[in-house]
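Atoms considered below: every heavy atom in the structure, side chains included; atoms not considered: hydrogens, waters and symmetry mates.
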Amino acid sequence: MSSEPAHPEPVRHHDHGMWLVQFTDRVLVVCPRCGGRALVAPRPDLPAPKYFSALLFQPRRLTCGGCGAVADWTAEQRGTGLVGAVPGGTEDPFFRRPLWLQTRCAGRILWAYNEEHVDALAAYVGARLRERHASPTMAMFARLPDWMKSASRRDEVLAGLATLRALADLSAPADRSNAAHERGDRPRHHGSVLFRGGPY
């Protein structure tokens, strides 16, 4: 006869140094034409980048399945280098469109780039034990604001993330969150430049 342990082991999260840029392969945004859900992704004719940091420089395409809007983005050229996009804030780092996945939470704005980003945040926030296995310099979880990491806000933040997960399945302009609008809260540019060995 088997029995459940009286005190189940707390949910544990292992931070191996995941960067925010790793979630920029697909960014759900508000369409500039119809206000519905659009997708920002690397141009489909390009090979997958060898390193995830190259996602900051890779040409992008915005497409809307609702109204057919299409736009292209390429990194600014500075001399022989490319100036990379800077992730963070409630706008996408390429076209500077408001993110589709935004909601009000704990008196602030909770946002994510895509469903995988929401799931990664939920795994971290929901964990009772958090272990770091990498330098916090550029790691996403170490740089989260205190209100998201607070145990007293756990249930509130998890509810907000569930709202974002549900929003990811919606696409009509009427489905847009009332939090998804321009704020101009983009991060300061840190001057990342890629010196290319060949054409994109």
Side-chain angles (χ1 to χ4, degrees), residues 18-103 109-121 138-141 143-145 164-165 167-173 175-177 179-200:
M18 182 172 281
W19 289 21
L20 179 59
V21 65
Q22 292 176 250
F23 297 102
T24 62
D25 58 334
R26 290 178 60 257
V27 183
L28 302 178
V29 302
V30 175
C31 175
R33 184 192 290 172
C34 72
R37 187 192 67 201
L39 173 66
V40 173
R43 250 180 27 211
D45 57 322
L46 299 173
K50 194 178 290 187
Y51 306 103
F52 64 77
S53 56
L55 287 167
L56 295 176
F57 305 91
Q58 197 172 28
R60 298 291 168 133
R61 179 160 292 161
L62 181 153
T63 55
C64 177
C67 71
V70 176
D72 287 315
W73 174 91
T74 53
E76 174 195 341
Q77 184 130 11
R78 186 180 295 164
T80 58
L82 297 175
V83 180
V86 183
T90 59
E91 299 172 339
D92 90 90
F94 308 99
F95 295 91
R96 298 300 181 190
R97 294 297 305 152
L99 298 177
W100 181 257
L101 301 183
Q102 295 188 59
T103 190
I109 301 297
L110 182 63
W111 57 268
Y113 287 146
N114 55 41
E115 303 92 319
E116 293 78 16
H117 190 188
V118 173
D119 293 343
L121 290 171
M138 294 296 288
M140 177 180 75
F141 297 117
R143 297 162 69 90
L144 289 176
L164 295 187
R165 198 70 184 72
L167 270 172
D169 294 328
L170 305 174
S171 60
D175 299 326
R176 176 179 177 178
S177 165
H181 57 81
E182 287 89 349
R183 269 183 206 85
D185 64 347
R186 67 190 67 170
R188 247 180 348 154
H189 200 285
H190 51 63
S192 55
V193 177
L194 170 71
F195 294 96
R196 300 183 293 178
Y200 249 126

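Side-chain atoms of Trp100 and Asp175, non-hydrogen and from C-beta on, do get closer than 4.5 Å to each other. When side chains are defined from C-beta on, His181 does not count as touching Gln102, because their heavy atoms never get closer than 4.5 Å. Using a 4.5 Å heavy-atom threshold, the side chains of Phe95 and Pro32 count as separate. Looking at Trp73 and Pro93, their side chains never come closer than 4.5 Å, going by heavy atoms from C-beta outward. For the pair Gln77 and Leu82, the minimum side-chain heavy-atom distance is below 4.5 Å.
Heavy atoms only, all atoms of each residue included: Arg37 and Cys64 are closest at O-SG, 3.9 Å. Residues Ala75 and Val83 approach most closely at CB-O, 3.5 Å, considering heavy atoms. Shortest non-hydrogen contact noted between Trp111 and Gly88 is CH2-CA, 3.9 Å.
For the atom pair Leu164 CG and Asn114 CG, the distance stands at 11.0 Å (nearest 0.5 Å). Rounding to the nearest 0.5 Å gives a distance of 4.5 Å between OG1 of Thr24 and CZ of Arg60. Residue Ser171 holds its OG atom at 10.5 Å from CG of Leu28, rounded to the nearest 0.5 Å. To the nearest 0.5 Å, atoms CG (Leu99) and CG (Leu167) are separated by 11.5 Å. The line from CZ of Phe94 to CZ of Arg61 is 14.5 Å long, rounded to the nearest 0.5 Å. The distance from atom CG of Leu121 to atom CG of Leu110, rounded to the nearest 0.5 Å, is 7.0 Å.
Legend: residues meeting side chain to side chain donor-acceptor pair (under 3.5 Å) with Arg165, ordered by chain and number and at least two apart, are Asp119.
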*Can you list the steps and then say if His117 with Met140 is a side chain to side chain contact (heavy atoms under 4.5 Å, CB included)?*
CA-CA 11 Å; His117 190 188; Met140 177 180 75; 3.6 Å; yes
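Applying the salt bridge (Lys or Arg N to Asp or Glu O under 4.0 Å) definition to pairs two or more places apart or across chains, those involving residues 20-29 are Arg26-Glu115, Arg26-Glu116.
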Run the side-chain donor-acceptor check on residues 44-57: report pairs under 3.5 Å with partners two or more places apart or on a different chain.
unit_1	atom_1	unit_2	atom_2	d
Asp45	OD1	Arg43	NE	3.0
Asp45	OD2	Arg43	NH2	3.2

